[in-house]
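What follows is a set of notes on a single structure, which appears directly below.
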2 protein chains.
Amino acid sequence: MSLTPARKFKSSRQRDLILQILRSTKSHPSAAWIFEEARKHLPSISLGTVYRNLAMLKEEGRIRELSVGKGIGLFDGDLRNHDHIRCLVCGRVEDVPPSAQSFSYSQVEGAVGYRVHWHSLEYFGVCPGCETAAANE
Amino acid sequence: MSLTPARKFKSSRQRDLILQILRSTKSHPSAAWIFEEARKHLPSISLGTVYRNLAMLKEEGRIRELSVGKGIGLFDGDLRNHDHIRCLVCGRVEDVPPSAQSFSYSQVEGAVGYRVHWHSLEYFGVCPGCETAAANE
DNA sequence: CCATAAATTAATAACGATTATTATTTTTGA
DNA sequence: TCAAAAATAATAATCGTTATTAATTTATGG
Ligand SMILES: [Mn+2]
Ligand SMILES: [Mn+2]
Ligand SMILES: [Zn+2]
Ligand SMILES: [Zn+2]
């Protein structure tokens, strides 16, 4: 999965807190949101520390960063295999059960010559709330 | 596909050129790269104009913007249905023939309640060049 | 054609998310 | 307990992108 040999990190109160926050939500928060949550418990924490620790946790494979869209970075504490859908109107991101069919990496490898490590499947649509709002407009 | 009613744009030399540049490459260039190409033909063009026209062309559905990764915006003049793969080492993006399997939007809609409009499938791996370089290191 | 209104442009400033810098504090392990 | 290494808070810097505005270009219809 990772392309570089493992690094060993010193533990820190800040990183433990960030991981706990990410694990305790079903949403896919941004660094700014995590920062606001974190300072409720560690008022002196800084935004730079949040970014740095998110990168470390990602490197350790303890969290994931979504590759949905081109906007701000969104993080996911749920390591189970699943896909995502984003609402084109309000931007909300939700989990989607992983697609049943298996992806043929070897077929892709044969077609393009790359060694395939993983894939990302994202859906784009309109959430129930925005669908209703559009109907009532 | 689009969620807002069509707008009508006045034509412009700049937008025609940008579209031509995008159609004449098999790569997936950034706004900055397109800007450099464009100023070879229209030396007075500005980067802001490139960004604005890329947004317009996207809105018209005459080009696509990749949703690969969270980095800078990459554009694609090829409207045919296809997927993409990105090299985890050098960042190169290439086309992948569309996956044979059909995605069941109705199944996703049933699971999450969203109305699904489209999806994006991206692979991540290592390109032949980087694979060779790693072997020789 | 020409006049007029509307859209587009070039130049540049502003913005926002992220990363880098640095002096200080915390962690680790001998 | 102590010194080296790593992490932190504060803050500056970076970078891709968007907004602003006066000047230019385009559409159109008389
Ligand atoms: Mn998720
Ligand atoms: Mn493509
Ligand atoms: Zn919505
Ligand atoms: Zn490569």
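Below, chains carry the letters A, B, ... as their sequence lines are ordered, and counting in each starts from 1.
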B:Gln14 or B:Ala32: which one's nearest nucleotide on DNA chain D is closer to the 5' end? B:Ala32
From NZ of A:Lys8 across to P of D:dA6 the rounded distance in Å is 12 Å
Would one find a side-chain N or O of A:Arg52 under 4.0 angstrom from OP1 or OP2 of D:dT8? yes
Opening and closing nucleotides of DNA chain C in contact with chain B, under 4.0 Å to non-hydrogen atoms: C:dA6 to C:dA11
How about B:Arg64: does its CZ atom have over 12 heavy atoms from other parts shown lying under 6.0 Å from it? yes
Between P on D:dT8 and CZ on A:Arg15, what's the gap in Å once rounded to a whole number? 6 Å
For DNA chain C, what residues of residues 33-51 of chain B have any heavy atom nearer than 4.0 Å? B:Ser44, B:Ile45, B:Ser46, B:Thr49
Classify the nucleic acid contact of B:Ser11 as base, sugar-phosphate or nothing, counting any heavy atom under 4.0 Å across all strands shown. sugar-phosphate
Would a 4.5 Å heavy-atom cut-off, applied to side chains only, mark B:Val89 and B:Cys127 as touching? no
First locate atom CZ of B:Arg39, then atom OG1 of B:Thr49, and finally report the distance between them rounded to the nearest 0.5 Å. 11.5 Å
Comparing nearest nucleotides in DNA chain D, the 5'-proximal residue of the pair B:Arg13, B:Ile72 is B:Ile72
Heavy atoms only, 4.0 Å cut-off, all strands: where does A:Gly71 land among base, sugar-phosphate and nothing? nothing
Kindly check if the number of other-residue, nucleotide or ligand heavy atoms within 6.0 Å of CZ (A:Arg13) is above 12? no
Measure CG/B:Asn53 against C1'/D:dT18 and give the value in whole Å, please. 14 Å
Would you kindly give the CG-to-C1' distance between A:Leu54 and D:dA7, to the nearest whole Å? 15 Å
